[in-house]
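Notes for the one structure printed next.
The basis for the numbers below is simple: all heavy atoms, side chains too, and nothing from hydrogens, waters or symmetry mates. Protein chains get the first letters and strands the later ones, always in sequence-line order, with residue 1 at the start of each.
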Protein chains: 2
Amino acid sequence: MTNTDIEVTNLREIGTFEGSLAQRVYLSMQEAILSLQFLPGSVVRKGLICEKLGVSRSPVSEAIARLSNEGLVDVVPQSATRVSYFSMDDIREGTFLREALELASVAKVAWDRTEDQMAQINRNMRLQSLLVEDGDFPGFYQSDEEFHAMLMHFTGYPRLKTVARMVSLQVTRARMLLLPTPGRATETLDEHQAIVDAVRDQDPDAAQKAMRHHLGQLMPRIEALAEKRPELFQSR
Amino acid sequence: MTNTDIEVTNLREIGTFEGSLAQRVYLSMQEAILSLQFLPGSVVRKGLICEKLGVSRSPVSEAIARLSNEGLVDVVPQSATRVSYFSMDDIREGTFLREALELASVAKVAWDRTEDQMAQINRNMRLQSLLVEDGDFPGFYQSDEEFHAMLMHFTGYPRLKTVARMVSLQVTRARMLLLPTPGRATETLDEHQAIVDAVRDQDPDAAQKAMRHHLGQLMPRIEALAEKRPELFQSR
DNA sequence: CTATGTCAACTAACATGTTAGTCAACCAGA
DNA sequence: TCTGGTTGACTAACATGTTAGTTGACATAG
């Protein structure tokens with residue numbers, strides 16, 4: 001049993017976040033987990049986190065409670081809490097839920113989009129293009145996220161983005177391990193364009209089909225990953 | 001300003017629930033809010049709840065935190081927390097999210113259902129029939145919930161039911177005000193049967209169509225309700 | 001050497017004390 | 001009567017002390 005325990009040093013100071021202490025601690029810890037600076041299986045020690053961030057156990061407890069119901073940490077009552085392992089079951093479920101929400105969103109947006117919204121989407125697409133040409137993959141990753149967030153925003157349902165993010169947190173974490181390649185970025189761009197074309201044409205069915213195809217590219221790549229890095233996945 | 005404040009007496013004792021204290025307090029409070037024994041706009045007083053349930057402020061605080069991110073209470077930092085008003089925007093959004101999940105579920109289940117699962121569904125349908133004949137509306141309401149929960153269960157995704165419940169809590173609360181009528185129960189039964197038929201035939205498109213029609217019946221009835229009981233809705 | 005029972009150390013969960021922010025009632029002035 | 005500022009009571013948020021349950025190491029028996 002590789003007794004990986006704790007790595008608290010690389011945890012962003014809470015001064016850079018805003019909100020209540022609990023909120024800031026939550027964001028800091030979530031970032032560390034999603035960016036894999038807290039490795040799956042390692043034990044989260046309240047005391048060390050309190051010390052590192054300079055707060056008491058109350059806000060840390062609340063943060064851990066939130067991370068727990070998001071499935072990012074596993075709490076063993078009266079004992080310990082550790083960073084959850086990757087689980088193909090969880091990832092598959094997250095993908096399913098995410099797809100359900102994305103499909104509903106894109107259909108609605110295709111139906112009742114405005115010209116102003118189309119202009120914003122096109123602006124984002126041009127940005128994506130530029131970033132791919134420049135080979136700026138982190139930047140492209142971010143504009144990709146923005147593209148999807150934008151579509152959800154245009155539904156007019158404010159919680160949608162939050163829910164979608166929550167259900168697919170495990171997927172987000174897994175994506176961190178997928179190295180972006182020029183080829184994949186170009187493909188992604190084309191897939192996005194197909195979605196945009198269908199939204200422009202106000203064709204909900206075509207938009208859903210394009211979105212389904214786009215999202216369908218992800219799972220196979222994650223499955224390949226599970227073979228390469230089995231130590232990050234559940235052993236049971 | 002109708003200074004409705006608090007009604008703590010009708011709050012189920014936590015002895016009847018299981019889990020941690022925080023979990024039990026959460027369930028007890030959620031039940032009171034969903035069943036409208038805590039009215040929208042009334043102030044939630046930690047002290048009184050602690051006294052009534054015989055616990056300290058810690059588990060109550062955690063319970064309130066959860067209710068807050070579900071949108072069932074509004075917390076004003078350093079001041080007060082009150083039961084949230086009904087909001088047509090929230091209800092519309094909850095309906096949208098719920099539909100997205102139900103449609104994805106029913107399509108998947110129609111695709112890969114087993115014969116054993118069909119048998120379970122049919123058993124539930126016969127139960128619904130009996131309860132309608134007997135005029136047992138509370139019983140029918142419950143078997144209705146079970147019908148939808150069963151479909152989600154058959155997807156094989158365990159969190160799905162939880163997420164669906166969470167996103168549509170506001171809708172659930174609003175439904176409490178809709179008096180069940182014999183006519184509506186019979187209609188519901190027919191709509192369910194149409195869904196079941198499509199699942200039996202392994203026809204995902206038809207299943208989605210039937211589900212969409214079924215879920216579409218709810219919003220108009222809630223909108224009518226908003227006219228009748230405006231005091232429960234946001235005034236802003 | 002292996003299996004089992006005991007025990008000590010550590011933890012989350014819970015209780016309670018403290019702080020600081022918010023809101024509404026009240027009062028003074030117009 | 002109405003407006004604006006002041007104040008005090010009340011609250012959530014945070015800090016800290018306490019309790020009880022779990023885990024894993026170690027010793028002991030087979």
Side-chain angles (χ1 to χ4, degrees), chain A residues 1-6 8 13-15 17-29 38 41-84 235-236, chain B residues 1-6 8 13-15 17-29 38 41-84 235-236:
Chain A
M1 192 159 295
T2 59
N3 200 347
T4 47
D5 278 350
I6 29 173
V8 193
E13 293 292 340
I14 59 176
F17 299 100
E18 55 187 8
S20 68
L21 282 183
Q23 171 75 359
R24 285 188 253 173
V25 173
Y26 164 73
L27 289 174
S28 180
M29 291 182 69
F38 282 5
S42 59
V43 175
V44 177
R45 295 191 189 278
K46 260 186 198 171
L48 290 178
I49 293 175
C50 293
E51 196 178 343
K52 167 74 178 172
L53 298 181
V55 299
S56 80
R57 303 191 313 258
S58 297
V60 176
S61 293
E62 188 178 326
I64 289 178
R66 283 200 239 174
L67 293 169
S68 171
N69 85 15
E70 287 173 351
L72 290 181
V73 301
D74 294 327
V75 177
V76 182
Q78 318 298 353
S79 175
T81 131
R82 44 187 79 218
V83 178
S84 65
S235 43
R236 312 165 219 163
Chain B
M1 191 163 293
T2 58
N3 201 345
T4 47
D5 279 348
I6 29 171
V8 192
E13 294 294 340
I14 59 176
F17 299 100
E18 55 186 8
S20 67
L21 282 183
Q23 171 75 359
R24 285 188 253 173
V25 173
Y26 164 73
L27 289 174
S28 180
M29 292 182 69
F38 282 4
S42 60
V43 176
V44 177
R45 296 190 189 279
K46 262 186 197 171
L48 289 178
I49 292 175
C50 293
E51 197 178 343
K52 166 76 179 172
L53 298 181
V55 299
S56 81
R57 301 188 319 255
S58 296
V60 177
S61 293
E62 187 178 326
I64 288 178
R66 285 201 238 173
L67 294 169
S68 172
N69 85 12
E70 286 173 351
L72 290 181
V73 301
D74 294 325
V75 177
V76 182
Q78 319 296 354
S79 175
T81 130
R82 44 187 79 217
V83 178
S84 65
S235 41
R236 311 164 222 167

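Using a 4.5 Å heavy-atom cutoff, the side chains of B/V73 and B/M29 are not in contact. Side-chain contact check for B/R24 versus B/L53: every heavy-atom pair is 4.5 Å or farther apart. Between B/L48 and B/E51, the closest side-chain pair of non-hydrogen atoms falls below 4.5 Å. No side-chain heavy atom of B/E18 sits under 4.5 Å from any side-chain heavy atom of B/Q23.
When each of B/Q78 and A/Q78 is assigned the nucleotide of DNA chain D bearing its nearest heavy atom, the one mapping closer to the 5' terminus is B/Q78. Residues A/A80 and A/S58 both approach DNA chain C. Their nearest nucleotides, taken by heavy-atom distance, put A/A80 toward the 5′ side. Residue whose closest nucleotide on DNA chain D sits further toward the 5' end, between A/G54 and A/S79: A/G54.
Between the CD1 atom of B/I64 and the P atom of D/dC14 there is a distance of 14 Å, given to the nearest Å. Per the geometry, OH belonging to B/Y26 stands 19 Å off C1' belonging to C/dA13, to the nearest Å. Rounded to an integer number of Å, the gap from CD of B/E62 to P of D/dA13 is 13 Å. For the pair A/L67 CG and C/dA12 P, the interatomic distance rounds to 13 Å; values are reported in whole Å. For the pair A/L21 CG and C/dG21 P, the interatomic distance rounds to 12 Å; values are reported in whole Å. To the nearest angstrom, P of C/dC23 lies 13 Å from CG of B/D74. Following rounding to the nearest Å, A/R82 (CZ) and C/dC10 (P) show an atom-to-atom distance of 16 Å. As rounded to whole Å, 15 Å separates atom P of C/dA15 from atom CD of B/E51.
Looking at the side chain of A/S20, the nearest of the listed nucleotides C/dA13, D/dA12, D/dC14 is D/dC14. The side chain of B/R57 lies closest to C/dT18 when the candidates are C/dT18, C/dA15, D/dA12. You'll find that the side chain of A/V55 is closest to D/dA15, out of C/dT22, D/dA13, D/dA15. Nearest nucleotide to the side chain of B/T81, out of C/dC14, D/dA12, D/dC14: D/dA12. The side chain of A/P59 sits closest to D/dC14 out of D/dC14, D/dT23, D/dA12.
The residue A/S61 sits apart from the nucleic acid: no heavy atom pair falls under 4.0 Å.
Contact check, B/R45 against D/dT11: a side-chain N or O comes under 4.0 Å of OP1 or OP2. At least one side-chain nitrogen or oxygen of B/S56 sits closer than 4.0 Å to the OP1 or OP2 atom of C/dA15.
Rounded to the nearest 0.5 Å, atoms SG (B/C50) and CZ (B/R45) are 13.0 Å apart.
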